[in-house]
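Working notes for the structure below.
Numbering of ligands and ligand atoms starts at 1, following listing order.
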Amino acid sequence: MSDSRVGADFSRYLLDRMRQLEERNLTLREQKDRAEGEKRIIENQKLKFEREVRKLRSELERLKTGPLVVGTVQDVLDDDRVVVKSSTGPRFVVNVSQLIEEDIKPGIRVALNQQSFAVMFALPTSQDPAVFGMEIEEAPCIEFDQIGGLESQISEIRETVELPLKRPDLFEKVGIEPPKGVLLYGPPGTGKTLLAKAVAHSTEASFLRVVGSELVQKYIGEGARLVRELFELAQKRSPAIIFIDELDAIGSRRIDSATSGDREVQRTLMQLLAEMDGFDPRGEVKLIAATNRADMLDQALLRPGRFDRLIYVPLPDRVGREAVLGIHTRCMNLHEDVDLRRVADASEGASGADLKAIATEAGMFAVREERDMVYHQDFEHARAKIMDSQPEREQENFPDVSFGQYA
Ligand code: ATP
């Protein structure tokens with residue numbers, strides 16, 4: 001074999017080898033790119049998982065930290081220290097965390113570290129209605145024509161609550177202070193809440209309803225704080241009507257031999273009296289209270305200047321009962337044999353709430369039998385059902401309460 005032939009073979013071999021190596025190189029480069037892409041994806045996932053682990057760890061830490069104590073700042077000392085009263089009672093001089101941005105001033109609620117009682121952060125004012133179950137309605141949609149048989153009570157409540165809110169100038173001209181509050185008393189279910197709601201509607205006032213028993217709290221001073229916040233909230237939402245239902249829960253006559261629980265209720269009552277004395281009769285906040293037990297109320301509440309009018313809301317008489325039945329059957333499909341007067345005649349002693357129940361029950365009889373019309377006998381059956389299930393009412397619980405008696 002000549003030298004030139006060997007050279008040509010060798011160079012062909014080299015060329016082939018080079019091509020093979022280039023192809024191999026290409027494949028390896030592709031594999032490398034793929035691996036790098038996968039590496040990036042895995043790194044991203046790793047970062048994501050690390051973030052998640054960090055988040056879960058911090059959540060775990062957060063959940064493991066002990067509860068903070070709620071306290072109220074009583075005094076701010078010069079050197080970043082404050083006097084706080086913890087909700088369990090004692091007062092402490094404590095440090096304030098440097099991280100707090102809010103202005104720490106006397107009266108605000110704060111969260112305290114359990115060990116050092118240092119102020120950790122300021123709490124929002126608890127004027128959230130949910131905090132103590134207050135019902136708030138912007139001008140509730142109850143109108144006076146939805147109340148039956150209480151004409152004199154309606155005109156009295158309009159005069160004492162609506163007039164001062166709508167025409168304060170009349171009182172200024174005459175030079176008298178308008179009434180601050182009205183007490184509605186009488187048997188249950190006679191329309192006391194309805195009256196308060198209707199007057200809030202006609203004056204376009206916010207309606208703040210709180211039940212007296214909700215103002216009775218476990219810890220000392222809490223009830224009084226709620227009363228204070230209730231009036232502050234009403235001021236903010238003015239014109240407003242505060243409606244305290246079951247006033248007897250906090251307004252019962254004070255007695256000398258009181259337990260610590262009684263004393264807390266008395267403190268709440270005193271705060272209520274103080275708020276009533278403090279608020280401007282010409283202002284846009286009016287107080288309406290209701291009770292089934294006016295005879296139990298403390299004399300201090302019943303003197304003029306606190307509740308200026310005591311309005312008795314009685315069980316409806318025959319005419320009243322017919323009117324209430326008329327209201328609650330307005331939207332019902334009644335047969336022409338229905339005689340509401342006879343139903344009213346036969347339901348002596350029924351309250352407005354009972355009469356509403358009779359109308360609803362009569363409708364239920366029709367529904368049960370898949371009728372689209374309600375007959376008189378449905379009302380008879382409903383009346384018997386509702387009235388027979390009622391315990392005898394004790395009329396003597398509702399004596400005629402008057403200023404003269406208590407002043
Ligand atoms: P309580 O003292 O138990 O709180 P209350 O006197 O405030 O009772 P309301 O809550 O006003 O009674 O009335 C209960 C229901 O009875 C009302 O929702 C209403 O449907 C009906 N009712 C009571 N009185 C009347 C009335 N005079 N006219 C029309 N409906 C009435």
Side-chain angles (χ1 to χ4, degrees), residues 133-135 137 140-158 161 181-202 207-215 241-252 287-297 307 309-332 340-341 343-344 347-364 379 382-383 386-387 389-391 393-395 397-399 401:
M134 197 201 306
E135 173 188 323
E137 276 180 58
C141 51
I142 299 284
E143 296 187 24
F144 284 116
D145 69 358
Q146 286 169 265
I147 306 176
L150 296 176
E151 284 71 24
S152 67
Q153 286 80 358
I154 290 176
S155 66
E156 216 170 336
I157 202 167
R158 290 188 90 158
V161 181
V182 176
L183 175 71
L184 305 174
Y185 68 102
T190 44
K192 297 183 286 297
T193 313
L194 275 190
L195 276 170
K197 283 193 174 176
V199 79
H201 175 84
S202 70
F207 184 74
L208 281 67
R209 175 174 187 258
V210 61
V211 179
S213 52
E214 281 165 1
L215 295 173
I241 288 176
I242 301 177
F243 179 63
I244 306 184
D245 210 351
E246 293 173 25
L247 180 69
D248 44 288
I250 53 163
S252 295
L287 180 65
I288 302 180
T291 178
N292 299 330
R293 296 299 308 268
D295 53 317
M296 279 174 56
L297 291 184
F307 287 110
R309 281 294 170 89
L310 309 176
I311 302 178
Y312 179 49
V313 186
L315 288 173
D317 57 10
R318 203 203 58 75
V319 181
R321 289 197 294 275
E322 193 179 338
V324 177
L325 280 170
I327 289 166
H328 291 294
T329 49
R330 258 182 213 164
C331 304
M332 286 170 68
L340 294 181
R341 172 188 278 256
V343 183
S347 40
E348 174 81 45
S351 68
D354 296 332
L355 295 165
K356 183 184 180 187
I358 289 175
T360 312
E361 196 54 44
M364 284 306 296
F379 279 91
R383 191 196 54 73
I386 302 288
M387 298 307 290
S389 64
Q390 297 288 324
R393 284 187 204 285
E394 292 175 36
Q395 286 289 346
N397 273 344
F398 305 101
V401 184

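- The residues lining ligand 1, counting any heavy atom closer than 4.0 Å, are Q146, I147, G148, L150, P188, G189, T190, G191, K192, T193, L194, D245, N292, V324, H328, G352, A353, K356.
- With rounding to the nearest 0.5 Å, the separation of CD1 in I147 from CG in L195 is 4.5 Å.
- In this structure a side-chain-to-backbone donor-acceptor pair under 3.5 Å is missing from E361 to R383.
- Looking at residues two or more places apart in sequence or on another chain, you find a salt bridge (charged side-chain N to carboxylate O under 4.0 Å, His left out) between E348 and R321.
- The main-chain N or O of A289 is never found under 3.5 Å from a side-chain atom of K192 such that the two would form a donor-acceptor pair.
- Among residues at least two apart or in separate chains, there is no side chain to side chain donor-acceptor pair (under 3.5 Å) pair with a member in residues 142-152.
- Qualifying salt bridge (charged side-chain N to carboxylate O under 4.0 Å, His left out) partners for R318, counting only residues two or more places apart in sequence or in other chains: E322, D345.
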